[in-house]
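Please read the structure below before turning to the comments.
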Amino acid sequence: MTAKIEFDGKQYELPVTVGTENEHGIDISTLRSASGGLITLDRGYKNTGSCESAITFLDGEQGILRYRGYSIEELAENASFLEVAYLLIFGELPSQEKLDKFHQDIKDESNVDEEMKKILDGFPRSAHPMGVVSSLTSALVAFNPSSVDVSSEEDMYKSIVKLLAKFPVLCAWALRKRTGQPLDYGDSSLGYVENILKMMFKKANEDYKINPVVASALNKLLILHADHEQNCSASTVRIVGSSHAGLFVSISAGINALWGPLHGGANQAVIEMLEGIKADGGDTKKYMGKAKDKEDPFRLMGFGHRVYKNFDPRAKIIKKSADDVLGDLGIEDPVLDIAKGLEKEALEDDYFVKRKLYPNVDFYSGIIYRALGIPTEMFTVMFALGRLPGWIAQWREMRLKKEPIGRPRQIYVGENHRPYAEISNR
Ligand code: SDX
């Protein structure tokens with residue numbers, strides 16, 4: 001199958017790649033050389049594929065999301081987060097034996113060098129946890145130098161289990177630094193998700209009792225955030241990794257990309273928005289008006305998506321889970337009612353309907369995080385904890401396929417050639 005481009009009286013025939021879900025992509029790899037300089041331009045890469053990937057499939061029009069062919073609904077309902085991490089990274093659901101070995105290899109690497117605490121000490125307590133976590137993730141290289149430019153699958157596996165083991169410790173440290181709690185290394189007798197909860201919330205002078213409702217809710221949230229094909233942060237991980245900069249720093253770059261309020265930082269922005277609406281008397285109609293006013297910078301955070309032009313399937317699951325978790329924990333949260341009111345109004349409002357703006361993964365997640373006792377500034381760190389296996393899977397696929405270094409072209413629109421002007425003549 002091919003596509004033809006006609007330009008300046010000449011025709012160029014280009015191959016079309018067809019994916020396993022019948023997506024079609026015009027392969028323009030030869031366009032510039034065949035045409036003597038013609039390139040394509042696509043701001044924000046809204047119409048441009050960066051790679052062929054076998055990790056995650058999503059259909060934005062149908063609201064479908066699958067990890068390695070398994071539906072997000074089934075995985076969220078039946079799997080453990082570690083199982084899903086294994087599935088995303090290695091491509092298959094693990095047997096019990098493989099899962100146990102994977103978990104044990106992670107446990108064996110869960111120690112973080114004591115010297116890393118000196119880096120953490122350098123941050124003010126007010127530092128945003130995303131900046132702390134991205135810095136500490138980069139710093140891991142200094143203590144694990146063999147994990148930099150790895151190319152063999154064996155070396156990649158070692159780096160991967162190191163990061164899956166140490167990253168949750170760093171995230172818990174970032175929280176405990178803010179709350180003035182002593183740092184903790186967790187408990188290898190616990191499951192991966194239960195250990196995260198204990199590292200985050202164990203009080204120095206008390207045992208920590210795992211609440212199964214909380215553990216189950218966090219397990220589901222981490223699964224729902226685990227991958228999302230070529231989103232902004234995954235693309236960042238790929239392009240940084242394509243220079244062979246190494247796994248830890250590629251992931252650190254992805255953490256920074258996720259921090260933005262247009263991306264993963266939206267879950268914090270949603271709660272701040274809902275709190276603001278509550279403080280302003282709960283007048284959702286006023287804020288709907290602001291969201292539609294082009295002169296007003298206010299946006300309905302947690303709404304809209306580059307790819308989903310239907311309901312984000314994750315938002316549906318999280319919304320139901322929010323009701324379940326708050327009910328199980330006996331929590332009344334007025335911002336949940338405000339969120340539901342905004343959603344109802346938006347789904348009936350022509351501005352949102354015409355632009356196919358629906359709640360996305362970030363719209364309800366913060367309400368659950370808050371019910372689990374997680375502070376607002378940590379919400380995007382929780383997103384990163386969930387997205388870590390997806391980033392790793394994308395990085396590993398890119399390196400194993402020996403993808404070339406990412407280096408987009410541009411169309412220059414600046415000054416034409418001009419002679420140097422002496423300063424006396426400027
Ligand atoms: C994530 O890519 C991924 O997969 C990301 C993610 C993942 O799992 O990795 O799903 C996670 O990042 C989810 C998105 C979280 N961000 C937010 O909730 C921030 C609020 N949403 C928007 O800023 C926006 O919808 C984006 C950034 C999510 C998508 O932006 P696009 O695709 O660039 O679309 P756009 O900004 O060009 O908007 C199209 C139109 C515009 O109006 P017109 O110019 O056509 O009149 O829709 C409007 C926008 O003004 N619009 C909104 C809006 N989102 C889009 N108007 C009001 N409120 C909003 N939230």
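Ligands are counted one by one from 1 in listed order, and the atoms in each one are counted from 1 as well. Scope of the values below: all heavy atoms of this structure, side chains included, with no hydrogens, waters or symmetry mates.
- Ring orientation note: the planes of His228 and His305 are nearly perpendicular, at an angle over 60° on the 30°/60° scale.
- By the 4.0 Å heavy-atom criterion, Val307 is excluded from the residues contacting ligand 1.
- Ligand 1 places these atoms under 4.0 Å from at least one heavy atom of Asn231: 2 (O), 3 (C), 4 (O), 5 (C), 9 (O).
- Between Phe363 and ligand 1 there is no heavy-atom distance shorter than 4.0 Å.
- The atoms of ligand 1 that sit less than 4.0 Å from any heavy atom of Gly302 are 17 (C), 18 (O).
- Looking at Ala234 against ligand 1, nothing comes within 4.0 Å, counting heavy atoms.
- Remark: distances from the non-hydrogen atoms of Ser233 to ligand 1 are all 4.0 Å or more.
- Looking only at protein heavy atoms, the nearest one to atom 4 (O) of ligand 1 is His228 ND1, 2.5 Å.
- Summarising the geometry of Tyr45 relative to Pro408, their closest heavy-atom pair is OH-CG, 3.7 Å, with the distance given to 0.1 Å.
- Ring planes of Trp259 and His128: tilted class, angle from 30 to 60°.
- The heavy atom nearest to atom 34 (O) of ligand 1, out of those in Arg43, Lys46, Lys292, is found in Lys46.
- Annotation for ligand 1: atoms under 4.0 Å from non-hydrogen atoms of Arg387 are 7 (C), 8 (O), 9 (O).
- With Asp105 as reference, Lys101 is the one residue of Lys107, Lys101, His103 to meet the side chain to side chain donor-acceptor pair (under 3.5 Å) rule.
- Across Arg299, Arg306, Arg355, Lys294, heavy-atom proximity to atom 38 (O) of ligand 1 is greatest for Arg299.
- For ligand 1, the atoms sitting less than 4.0 Å from at least one non-hydrogen atom of Ala291 are 57 (C), numbered in the order shown with element in parentheses.
- Taking every heavy atom of His305 and a limit of under 4.0 angstrom, the matching atoms of ligand 1 come to 2 (O), 3 (C), 4 (O), 5 (C), 6 (C), 10 (O), 13 (C), 25 (O), 28 (C).
- Protein heavy atom at the shortest distance from atom 16 (N) of ligand 1 is Leu262 O, 2.9 Å.
- Under the 4.0 angstrom criterion, atom 28 (C) of ligand 1 counts as having a protein heavy-atom contact.
- No heavy atom of Gln230 sits closer than 4.0 Å to any atom of ligand 1.
- Note that SG of Cys51 is 6.5 Å distant from CD of Glu403, once rounded to the nearest 0.5 Å.
- Looking at atom 48 (C) of ligand 1, its nearest protein heavy atom turns out to be Tyr351 OH, 3.6 Å.
- Remark: minimum distance from atom 14 (C) of ligand 1 to any protein heavy atom is reached at Asn360 ND2, 3.5 Å.
- Residues Lys220 and Asp324 are not paired through a salt bridge, judged by the lack of any N-O separation under 4.0 Å between the basic side chain and the carboxylate.
- Here Arg314 has side-chain heavy atoms under 4.0 Å from ligand 1, and that is the only part of it that gets that close.
- For atom 60 (N) of ligand 1, a protein heavy-atom neighbour is present inside the 4.0 Å cut-off.
- Relative orientation of the Phe201 and Tyr208 rings is parallel, given thresholds of 30° and 60° on the angle between their planes.
- In terms of protein heavy-atom proximity, atom 21 (N) of ligand 1 is nearest to Phe303 O, 2.8 Å.
- In terms of heavy-atom proximity, Val237 sits nearest to Gly254 at CG2-CA, 3.7 Å.
- For ligand 1, the atoms lying closer than 4.0 Å to a non-hydrogen atom of Ala266 are 15 (C), 16 (N), 17 (C), 18 (O).
- Shortest contact from atom 58 (N) of ligand 1 to any protein heavy atom: Leu300 N, 3.2 Å.
- Annotation: Asp312 places no N or O atom under 3.5 Å from an N or O atom of ligand 1; distance criterion only.
- Here the shortest heavy-atom pairing between His225 and Arg387 reads O-NE, 2.6 Å.
- Ion pairing between a basic and an acidic side chain is recognised when a charged N comes within 4.0 Å of a carboxylate O; Lys198 and Glu194 show no such pairing.
- A side-chain donor-acceptor contact under 3.5 Å links Asn256 and Ser134.
- Looking only at protein heavy atoms, the nearest one to atom 11 (C) of ligand 1 is His263 ND1, 3.7 Å.
- Geometrically, ligand 1 and Leu357 share no nitrogen or oxygen pair separated by less than 3.5 Å.
- From the protein, the heavy atom lying nearest to atom 13 (C) of ligand 1 is Asp362 OD2, 3.5 Å.
- Residue Asp283 holds its CG atom at 11.5 Å from CE of Met288, rounded to the nearest 0.5 Å.
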The test is ring-ring contact (aromatic ring centres under 6.0 Å, His included); show your working for Tyr287 and Phe298 and say whether it passes.
CA-CA 8 Å; Tyr287 286 86; Phe298 176 82; 5.5 Å; yes
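- In this structure, Arg68 fails the cation-pi test against Tyr70, since its NZ or CZ atom is not both closer than 6.0 Å to the six-membered ring centre and inside 45 degrees of the ring normal.
- Using a 30° and 60° split on the angle between ring planes, Phe311 and Tyr358 fall in the tilted class, from 30° to 60°.
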